[in-house]
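One structure is given here, and the rest of the page talks about it.
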Amino acid sequence: MNESLSSNTSRREFIKTTGRIAAVSALAGVALPSVHAAGSDLIQIALIGCGGRGTGAANNALNSKGGPTKLVAMADVFENRLNSSFQDIKNQHGEKVAVSEDRKFIGFDAYKKAMDCLKPGDVAIFATPPAFRWVNFGYAIQKGLNVFMEKPVTVDGPTSKRMLKLAEESVAKNLKVGVGLMSRHSRAMQELYKRIQDGEIGDLILLRGYRMHGPVGSAFSTKWPGKPDELLWQIQRFHSFLWASGGCYSDFYIHHIDHLCWMKNAWPVKAQALGGRHYKQNVDGDTYVDQNFDSYAVEYIFEDGARMTMDGRCINGCNDIYSSYAHGSKGLAVVSKSSDCGTPSSTFKGQNIQRSNMIWTSKVEPDQMDPYQNEWNDLMEAIRGDKPYNEAKRGVEASLVTSMGRMAAHTGQEITFEDMLNCEHEMAPGLDTLTATSPAPVKADASGKYPGPMPGITKKREY
């Protein structure tokens, strides 16, 4: 979209605003009061969102170093999911799990009840679908709680602006905030970043990310079966709905987009893309009704003219690639050898990956190999030592850049940073007042199909 959707906020103004947040963050541990006593004091944890990622985050939190931790409250909209998560965590951590029956909360207000069980300086984990991030984060700031939130943290322009303001508030309150972009805590990638910034492979010209495999998660859904209620079903199948997760593009591809932009040390200014829906049915002949494309090919452009490509595909039987690369004027780097941040990272002379061309390959201590655990150890160290630590602003930026590429594919237009930030389409307004009887944010047509992207036809919003 060559014309900005709105001139209210420019990329320059956005960067200026986030720069102010960074400046406040630099002073957070110096001028502001500590929100948790340093040392070995107990840190209590509440888990909001008890799916697989939330359960994993809680396990990492209870395994973190530096002092005692205890899980004291859990919240979800699905009782069976909460109970399954509780049993999993309890089996692994025993007495570190002190969640009595009256601290297992079910419903759309359960996040408040779980956080009410904490004291200022404790930690709330947000692993609900991303659409609810701003709702949860706002309440945590009111309560003076430190936060770990899963990615993405936003899925559209209005919530990005809202989260940016909340990020500023959290910094002003000296809260510590971790975001689940765990690549930034990969010790291999941290060393690679230093080497790239020191010029080991020259000036970065091209970055490439690939996540291509068969359908995973809940990204492809057949017709709503009538139970549970449509709202709950959409939350349960959140990868299928753009309002809930940003779809498979935002939820799956953000890791490569984030860590490649990190290597470049910049965010792109615009994107162009293509994508399509190729298979309308599953192997049983049931029609898919969700909002995702089957494939995406996005080209991001940086201010200096360098390019980054992100290719995603969810189709069985094709060539699978799940890795990322950085090309410089003197050589190349394997950023992630496999998956979102798989080791080893390595650098090479020239543009061919050959052992004879290798400059460096990462070697990481065994206790530092897991980036999911590293991010929790880093967060807890910051809380106990009252060190400046707030990833919320960067999480918004990574989410916004990811949405920029998604919108470029879904509209068939060139989308700038300003376009995405100023797009007025809030996909699910009013989530802070949601109840079990609220209507679902998107409705299906008579055939059961939900509104999807129509590139070249729907240009100023994604559906």
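With hydrogens and angles disregarded, a donor-acceptor distance shorter than 3.5 Å links the side chain of Ser399 to the backbone of Val153. Looking only at distances, no side-chain donor or acceptor of Thr458 sits under 3.5 Å from a matching main-chain atom of Arg461. Between the side chain of Gln291 and the backbone N or O of Leu242, at least one donor-acceptor pair lies under 3.5 Å. Remark: side-chain polar atoms of Asp198 are not paired, donor with acceptor, to backbone N or O of Glu200 under 3.5 angstrom. Remark: the backbone N or O of Gln413 is not paired with any side-chain donor or acceptor of Gln272 at under 3.5 angstrom. Within the 3.5 Å criterion, the main-chain N or O of Ser345 finds no donor-acceptor partner in the side chain of Thr343. Between the Asp88 side chain and the Ser84 main chain, no donor and acceptor come within less than 3.5 Å of each other. Formation of a donor-acceptor pair under 3.5 Å by the Lys176 side chain with backbone atoms of Glu381 is not found in this model.
With contacts defined as side-chain heavy-atom distances shorter than 4.5 Å, the pair Leu192/Trp262 does not qualify. You'll find the side chain of Val334 reaches within 4.5 Å of the side chain of Tyr325, heavy atoms only. Residues Thr55 and Ile89 are in side-chain contact: their nearest non-hydrogen atoms beyond the backbone lie under 4.5 Å apart. Pro228 is listed as a side-chain neighbour of Trp233, based on a closest heavy-atom distance under 4.5 Å. The shortest distance between side-chain heavy atoms of Leu232 and Phe78 falls below 4.5 Å. Inter-residue side-chain proximity for Val77 and Phe108 is flagged as met; some heavy-atom pair is nearer than 4.5 Å.
Checked against a 6.0 Å centroid threshold, the rings of Phe126 and Trp134 do not count as neighbours. Here the two rings, on His259 and Tyr193, have centers that are 6.0 Å apart or farther. For His425 and Tyr463, the ring centers are positioned less than 6.0 Å apart.
Taking CG of Asp203 as the start and CD1 of Ile196 as the end, the distance is 11.5 Å to the nearest 0.5 Å. Annotation: the span from Trp243 atom CH2 to Thr159 atom OG1 amounts to 12.0 Å, rounded to 0.5 Å. To the nearest 0.5 angstrom, Tyr288 atom OH is 9.0 Å from Ser221 atom OG. Distance check: Ile205 CD1 to Lys264 NZ gives 8.5 Å after rounding to the nearest 0.5 Å. In this structure, the separation between OG1 on Thr154 and CE on Met420 is 7.5 Å, given to the nearest 0.5 Å. Note that the CG atom of Leu260 and the OG atom of Ser183 stand 9.0 Å from one another [nearest 0.5 Å].
Annotation: salt bridge (Lys or Arg N to Asp or Glu O under 4.0 Å) contacts involving residues 51-61, sequence neighbours excluded, comprise Arg53-Glu150. Listed by first then second residue, pairs satisfying salt bridge (Lys or Arg N to Asp or Glu O under 4.0 Å) with a partner in residues 308-333 number zero, not counting sequence neighbours. Each salt bridge (Lys or Arg N to Asp or Glu O under 4.0 Å) pair with one or both residues in residues 125-138, not counting sequence neighbours, would appear here, but there are none.
A donor-acceptor pair shorter than 3.5 Å cannot be found between the side chains of Glu375 and His185.
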Could you check Arg406 against Asp251 for salt bridge (Lys or Arg N to Asp or Glu O under 4.0 Å), going step by step and ending with a plain yes or no?
CA-CA 11 Å; Arg406 186 196 70 220; Asp251 205 89; over 6 Å; no
Audit row: His410, Phe293, ring-ring contact (aromatic ring centres under 6.0 Å, His included) steps and yes/no
CA-CA 8 Å; His410 286 171; Phe293 282 167; 4.9 Å; yes
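Checking Arg187, Arg384, Lys65 one by one against Asp378, the salt bridge (charged side-chain N to carboxylate O under 4.0 Å, His left out) holds for a single residue, Arg187. Checking each of Arg237, Arg277, Lys449 against Asp290 for a salt bridge (charged side-chain N to carboxylate O under 4.0 Å, His left out) leaves exactly one that passes, namely Arg277.
Across all their heavy atoms, Asp76 and Cys50 have their closest contact at OD2-N, 2.7 Å. A pairwise comparison of heavy atoms in Asp340 and Phe252 identifies OD1-O, 4.2 Å as the closest pair. Scanning both residues, Phe148 and Gly180, for their nearest heavy atoms gives CZ-CA, 3.7 Å.
Relative orientation of the Tyr450 and Phe241 rings is perpendicular, given thresholds of 30° and 60° on the angle between their planes. The aromatic rings of Tyr139 and Tyr111 sit perpendicular to each other, their planes meeting at more than 60°, with 30° as the lower class boundary.
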